[in-house]
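Step one of this worksheet: look at the structure below.
Not measured: the values here are computed from a predicted model. Quick note on labels: first sequence line is chain A, next is B, and so on, each numbered from 1.
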Amino acid sequence: MHDINAIRENPEAFDAALKRRGVEARAADLLARDDARRKAISESQELQTRRNEVSKKIGQAKGHGNEVAAQQLMAEVSSLKQDLQNAEEAERVLKAELEAAMASLPNLVMDDIPDGADEDDNVEIRRWGQPTQNPAALQHFEIGEALGQMDFEAGARLSGARFVVLRDGLARLERALGNFMLDLHVNEFGYREVSPPVLVRDEVVYGVGQLPKFEEDLFRTENGYWLTSTAEVTLTNLVREQILDHVSLPLRFTALTPCFRSEAGSAGRDTRGMIRQHQFSKVELVSIVDAESGEAELERKTQCAETVLQRLNLPYRVVSLCAGDIGFGSRKTYDLEVWLPGQNSYREISSCSYCGPFQGRRMNARYRAEGEKQTHFVHTLNGSGLALGRTLVALLENYVNEDGSITIPDVLRPYMGGDEKIEAAHGA
RNA sequence: GGAGAGAUGGCUGAGUGGUUGAAAGCGGCGGUCUUGAAAACCGUUGAGCGUUUGCGCGUUCCGGGGGUUCGAAUCCCUCUCUCUCCGCCA
């Protein structure tokens with residue numbers, strides 16, 4: 001959500017920032033609505049003042065037993081009633097219209113992100129590790145199916161397209177990855193582990209900006225719950241409608257949760273394999289910070305996510321998303337793209353975003369500095385650290401051996417009972 | 001699923017239609033006293049919005065929304081949440 005006062009102060013800057021995203025100018029329209037709204041507020045407040053004055057006198061007259069005077073005053077004020085109702089209704093409507101107009105507008109991007117229209121204009125920031133080039137490299141689903149531990153037919157039988165069943169070593173590998181990542185972020189980077197709900201109500205989804213605009217990307221239960229598409233939704237909303245002490249910031253939360261996405265509009269993309277599923281597990285990293293710390297926290301968070309890939313020894317690159325490709329609620333986003341030999345390309349495995357006060361305002365989440373009266377909206381950040389399914393994909397393609405077995409990276413072995421390899425299941 | 005009770009300021013807790021944004025206590029902050037601290041005493045202490053250069057003025061908010069009334073924390077409707085008992089259940 002945007003700050004209408006900031007738009008009033010500098011409408012040109014607002015429109016210019018929207019334009020970088022390819023969104024048409026809106027400031028003039030919003031300010032006209034705001035002007036009408038404020039006029040309506042003044043009008044209804046004026047009527048309220050008059051009503052309150054007379055009503056007090058009525059109370060006093062009745063208190064003194066002066067019924068005649070009271071009756072006169074009541075007759076006088078009753079004529080105000082309809083006017084007041086009309087004025088209040090007008091105010092309500094104008095306020096709702098302004099909010100609706102703003103709720104669907106994306107966050108303003110930061111000055112230092114690249115210009116561009118789509119993902120082709122994203123800018124590579126750095127690379128880590130040596131990508132292996134091998135024309136004969138297998139894709140993860142070929143490797144997993146050969147192991148007899150990645151079963152898309154079973155997934156289809158249970159649930160349909162874009163679902164998978166993992167078994168044996170691969171099932172355990174996924175669990176090991178989750179534990180490894182959580183331990184890393186909790187023990188080394190100071191995140192607090194959280195186990196949140198995955199079913200949430202409307203306003204929570206609105207708070208992070210997925211509603212009202214992206215309803216079609218989400219699953220919903222028949223009685224009105226939304227299935228969270230990422231733990232960002234719940235972890236960020238942990239502070240909704242709160243006023244935090246400045247000294248308690250930053251807050252850093254991590255959680256391992258299933259994520260549910262309808263993938264509407266992705267028809268035909270990544271139809272084979274585990275890259276794009278309706279349900280996947282992810283370790284999420286969320287930070288709640290003050291207005292000054294957001295940019296530094298984005299760098300820190302990106303490092304936290306990168307460390308996972310480094311410990312797993314998976315080659316990757318960091319990409320800064322351009323203005324046309326960046327997400328709705330973000331001001332600046334780094335994507336981490338892991339090297340997939342089977343696809344001979346880098347694929348997104350993490351996305352770290354700095355949202356400024358955009359979500360804080362939608363959630364009405366604030367903080368207050370020691371001894372100050374003024375409250376400020378919290379700034380929020382989120383990032384994957386990492387998506388388990390895609391990490392498993394990367395491990396298969398980067399760690400597959402000649403015989404089809406998978407070497408387990410050193411850091412995961414304690415989580416795999418000391419095993420060094422995943423080999424074909426019995427009877428596969 | 002059935003029956004019932006409740007939601008008031010940072011906390012506890014009064015208040016059932018008329019100068020009530022709300023008693024009282026606790027907590028917090030400031031002050032007096034003290035070498036310092038404690039105790040005691042005095043004062044102060046919610047969140048928004050509109051308007052104003054500013055001091056300020058006005059207005060809304062007693063779980064959310066709507067209604068009745070000249071006037072609502074107080075009456076009505078509705079939603080959400082919490083609690084108790086019964087049933088079911090991982």
Using a heavy-atom cut-off of under 4.0 Å over every strand shown, decide if [X] touches base, sugar-phosphate, or nothing.
{"X": "Ile41(A)", "result": "sugar-phosphate"}
{"X": "Gln60(A)", "result": "base"}
{"X": "Arg50(A)", "result": "nothing"}
{"X": "Ser44(A)", "result": "nothing"}
{"X": "Gln85(A)", "result": "sugar-phosphate"}

Exercise. Taking it one step at a time, do Phe219(A) and His278(A) satisfy ring-ring contact (aromatic ring centres under 6.0 Å, His included)?
Worked result: CA-CA 9 Å; Phe219(A) 288 110; His278(A) 286 310; 5.6 Å; yes
Exercise. In this structure, are over 12 heavy atoms from other groups packed under 6.0 Å from Gln139(A) atom CD?
Worked result: yes
Exercise. For atom CD of Glu46(A), is the number of surrounding heavy atoms from other residues, nucleotides or ligands below 6.0 Å larger than 12?
Worked result: no
Seminar exercise, completed: Result for 5'-nearest mapping on RNA chain B, choosing between Asn5(A) and Gly59(A), is Gly59(A)
For this session: Measure the acute angle between the ring planes of Tyr367(A) and His246(A), then classify it against the limits of 30° and 60° as parallel, tilted or perpendicular.
Result: tilted
Problem set entry | OP1 or OP2 of U59(B) under 4.0 Å from side-chain N/O of Asn52(A) | yes
For this session: State whether Arg366(A) places a side-chain N or O below 4.0 Å from either non-bridging phosphate oxygen (OP1 or OP2) of G48(B).
Result: yes
